[in-house]
Amino acid sequence: VLNKLYVVCKDMDNFLELVTVQDIRGFFNQSQENYLLSISCTIDFLLEKSTSIISKDQADALLGAVHLLQRLLPTLIEKKDIGKTFFWNLKEEGKPCRGELLCRAVIGLFFLDNFTIQPNSDKFVIWHSGIWFSSTVHDHEVQYFSNRVAVLQLLLNIFSSTLFYPFSPSEAFIDPFLLLFCSEWNDKAREMFASLLSFSLNHELESFDIPLVGSGSNEISVQLAMYCIQLASVLLYFTPPTSEQLPGTSKDPALAQVNDIIEKTKKGSSTRKNVFLLLLEGINEIKDLEVSYKG
């Protein structure tokens, strides 16, 4: 059933017209178990396809699955405790939790042959030449732009938890997804960061009046550049808990789970830092600085 639904969801505009926010919330309220099962199965589908060689038809279904998650996730995330339990409780001992699987799947989609990039054998691939990478092989893959936009929109959905928590001057909210994504666990952080910066810096935008959602333009390259800037901003502004704050995160089961995942992948550093900020600090070669300056 879900496979057929993925094909229907490929056209996001039609899907949004057919399925309203009220429909999604009604689905959650009437059948929470099936709602969560739909998300879980879709995450498994994305994870499987993100490590596979896919055909054109499979790419269409994959795009539909991304669109479906974009529609389903916000309702679950706004439920706070239900969402945290679903994503960060271990399904089985020794197996990754759904939050980690979702992040791993999206990272795979970022550089998936026949979906967001053309088939290639390069070990280091980014979306546009520029920072750390001078090849132009991927600079004009317009046929993949809409899929890249969908992946970025999905990531912004995943990182939307902050919107559903009231501001507290005494206790800052820490998003478990951002905590994991901005850590050493993310083994594709360098390629992702180079892609976001290089594409946006090499694209001539009409102004710096960047909207919070969407771009107000039908030109897909403009939309992609805007979403690159938005996601880069979200990643760079995230502040991991300090060493003083770290013990307090153990009181939150979701953060405690993410901390355990990060500890298993740390490479000798005892200090928790945002890897994207470290990458930004590492842009020091003349050619890379020129790209940033001109952009």
Any donor-acceptor pair under 3.5 Å from Asn274 side chain to Phe238 backbone: yes

Checklist entry - Angle class for the Phe27/Tyr35 ring planes (parallel below 30°, perpendicular above 60°, tilted otherwise)? => result tilted

- Task: Could you tell me whether the side chain of Gln223 and the main chain of Ile220 form a donor-acceptor pair under 3.5 Å?
- Result: no

*So, are Lys95 and Glu100 salt-bridged, with charged N and O less than 4.0 Å apart?*
no

task = Spell out, as yes or no, whether a donor-acceptor pair under 3.5 Å connects the side chain of Thr116 to the backbone of Leu109.
result = yes

Using modelled atom types and a 3.5 Å cut-off, is there a donor and acceptor pairing between side-chain atoms of Ser40 and backbone atoms of Leu36?
no

Quick note, ring-ring contact (aromatic ring centres under 6.0 Å, His included) partners involving residues 37-59, not counting sequence neighbours, are Tyr6-Phe45

What one should report as the nearest heavy-atom pair of Ala65 and Thr42 is O-CG2, 3.6 Å

key: Check against side chain to side chain contact (heavy atoms under 4.5 Å, CB included), Val106 and Val151   = CA-CA 7 Å; Val106 177; Val151 171; 4.0 Å; yes

Handout entry: Hphob cluster co-occupancy, Phe159 + Leu277, side-chain heavy atoms under 4.5 angstrom
Key = yes

CD1 of Ile39 to CG of Asn34, rounded to nearest 0.5 Å, is 11.5 Å

Residues passing the side-chain hydrogen bond (donor to acceptor under 3.5 Å, both in side chains) test with Ser52, sequence neighbours excluded, are none

OG1 (Thr239) and NZ (Lys273) are apart, to the nearest 0.5 Å, by 13.0 Å

Q) So, Lys264 and Asp260, do they make that salt bridge, N to O below 4.0 Å? A) no

Rounded to the nearest 0.5 angstrom, the CD1-NZ distance for Ile54 and Lys49 is 8.5 Å

request  = State whether the side chain of Asn157 and the backbone N or O of Gln153 hold a donor-acceptor pair below 3.5 Å, judged by distance alone.
outcome  = yes

Here the gap from Ile158 atom CD1 to Leu154 atom CG, rounded to the nearest 0.5 Å, amounts to 4.0 Å

Rounded to the nearest 0.5 angstrom, the CG-CG distance for Leu73 and Leu68 is 9.0 Å

Q | Salt bridge Arg98-Asp44, side-chain N to carboxylate O under 4.0 Å | A | no

